[in-house]
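Everything numeric here is computed off the predicted structure, so don't read it as measured data.
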Amino acid sequence: MAPYSNRGVHGQVVHHLGERIVRGAYAEGDTLDVRALGRELDVSLTVLRESLKVLAGKGLIDARQKRGTFVRPRAAWNLLDPDVIRWRAEGGESEQLMRDLAEVRAIIEPAAAHRAALRRTESDLAALDAALAAMEEAGGDWAAAAEADAAFHRALLAATGNELLDRLELLLEPGLRERDRLVHSHPAADDPAPSHRAVLDAVHAQDAPRAQAAMVELLAKAATDVDLLAPGTAAPPGAGSKPTA
């Protein structure tokens with residue numbers, strides 16, 4: 001089994017099998033020979049079974065009496081799970097994943113920015129200000145920039161004052177984090193702070209139409225940033241990061 005940094009044996013097995021399933025090495029309906037996998041990966045059956053439970057929780061596999069452990073249809077997968085998103089990106093689905101994410105964001109975030117401008121509290125503004133400050137301070141540290149980006153969009157949804165919109169962070173954030181990992185680690189990555197500053201300034205001013213328009217512009221820039229990622233050019237995990245100044 002290939003080594004994976006920053007993962008224990010259990011995490012390595014989850015990653016290895018999850019990535020295989022998502023990229024199609026195991027087809028829908030294929031039965032997994034648990035004992036053979038244990039020998040192949042050189043892990044105990046206890047570790048393997050615990051790892052399979054994790055994959056079952058993500059909707060990738062199921063186990064039935066007389067049938068064994070098998071790969072579930074893609075329609076049953078939890079496509080919002082952060083690991084599944086990462087495996088899709090690593091398995092060659094980055095372009096489709098980013099396109100789907102862009103469409104979802106275009107539907108949700110301009111309207112959220114509009115509502116946030118009308119309903120934000122001082123606490124919301126403080127959270128948005130802190131996220132933007134962290135983004136500006138990240139410099140070449142793409143991991144820090146991605147974390148700050150996720151915090152900004154999370155705070156913007158919270159600022160709508162709508163609990164259901166707030167919980168949409170669960171839908172958007174895993175994909176946004178993967179998008180930021182790919183974009184901000186690219187050598188040609190642009191500074192994300194100015195486009196976020198334009199949204200925040202409008203929210204501060206309680207100018208809802210301007211906040212909505214600024215978010216549309218931010219998303220247009222995000223689409224341009226993704227265009228930088230020609231097939232095969234995305235930096236691998238950990239690449240391109242620099243110490244925070």
Side-chain angles (χ1 to χ4, degrees), residues 79-80 82 85 89 94-186 188-229:
L79 296 179
L80 299 178
I85 288 172
S94 288
E95 185 177 349
Q96 180 64 50
L97 180 62
M98 293 301 103
R99 184 163 55 246
D100 288 349
L101 176 64
E103 289 181 354
V104 172
R105 295 182 71 191
I107 292 168
I108 294 171
E109 292 198 279
H114 186 283
R115 285 162 176 76
L118 297 175
R119 301 175 179 174
R120 89 293 187 277
T121 65
E122 291 303 314
S123 176
D124 293 325
L125 291 176
L128 286 162
D129 286 339
L132 183 61
M135 194 182 302
E136 292 172 335
E137 293 167 5
D141 185 343
W142 68 262
E147 182 64 35
D149 197 354
F152 183 93
H153 291 275
R154 187 187 315 125
L156 189 70
L157 289 172
T160 65
N162 183 309
E163 287 185 328
L164 295 182
L165 278 173
D166 186 12
R167 299 313 290 161
L168 285 179
E169 68 167 291
L170 299 174
L171 185 155
L172 291 177
E173 190 163 326
L176 182 61
R177 284 181 177 277
E178 181 60 20
R179 178 257 176 211
D180 286 345
R181 183 187 72 84
L182 294 171
V183 170
H184 293 315
S185 62
H186 194 280
D190 197 9
D191 182 2
S195 57
H196 290 75
R197 167 64 68 186
V199 174
L200 181 53
D201 286 348
V203 171
H204 265 282
Q206 294 187 295
D207 189 334
R210 180 156 64 96
Q212 182 167 348
M215 180 57 73
V216 170
E217 288 296 320
L218 185 155
L219 294 177
K221 180 184 179 301
T224 300
D225 290 342
V226 170
D227 287 342
L228 294 172
L229 299 174

Exercise for review: Could you point out which residue of V216, L218, L128 forms a side chain to side chain contact (heavy atoms under 4.5 Å, CB included) with V199?
Suggested key: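 Running side chain to side chain contact (heavy atoms under 4.5 Å, CB included) over V216, L218, L128 with V199 returns exactly one hit, L218.
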Exercise for review: Could you tell me which residues satisfy ring pair (Phe, Tyr, Trp, His ring centres under 6.0 Å) with H153, sequence neighbours excluded, listed by chain and number?
Suggested key: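 Ring pair (Phe, Tyr, Trp, His ring centres under 6.0 Å) check on H153 returns H196.
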Partner set under salt bridge (Lys or Arg N to Asp or Glu O under 4.0 Å) for [X], not counting sequence neighbours:
X: D100; value: none
X: R177; value: E147, E173
X: R119; value: none

Would you name the heavy atoms of [X] and [Y] that are closest together and state the gap between them?
X: A89; Y: E178; answer: CB-OE2, 3.2 Å
X: A150; Y: L176; answer: CA-CD2, 4.1 Å
X: A202; Y: A117; answer: O-CB, 4.2 Å
X: A148; Y: A131; answer: CB-O, 3.6 Å

Review point. Does any pair with a residue in residues 209-219 pass side chain to side chain donor-acceptor pair (under 3.5 Å), and if so which ones, sequence neighbours excluded?
Key: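 Every pair satisfying side chain to side chain donor-acceptor pair (under 3.5 Å) with a residue in residues 209-219: D207-R210.
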Check your understanding: With sequence neighbours left out, which residue pairs that include part of residues 158-172 fulfil the side chain to side chain donor-acceptor pair (under 3.5 Å) condition?
Key ->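 Matches after skipping sequence neighbours: none remain.
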Review point. Is there a side-chain contact (heavy atoms from CB on, under 4.5 Å) between M215 and H114 once you walk through the steps?
Key: CA-CA 9 Å; M215 180 57 73; H114 186 283; over 6 Å; no
Check your understanding: What distance do T224 atom OG1 and L219 atom CG have between them, rounded to the nearest 0.5 Å?
Key ->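 Here the rounded value is 11.0 Å.
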Practice item. To the nearest 0.5 Å, tell me how far L200 CG sits from S195 OG. Key: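 That separation rounds to 11.5 Å.
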Exercise for review: Might you confirm whether atom CZ of R115 has over 12 heavy atoms from other residues, nucleotides or ligands at distances under 6.0 Å?
Suggested key: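 No, not enclosed.
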Is any side-chain heavy atom of [X] less than 4.5 Å from a side-chain heavy atom of [Y]?
X: L97; Y: I85; value: yes
X: D191; Y: M135; value: no
X: R179; Y: D149; value: yes
X: D129; Y: H204; value: yes
X: L157; Y: L172; value: yes
X: L170; Y: L80; value: no
X: L118; Y: Q206; value: no

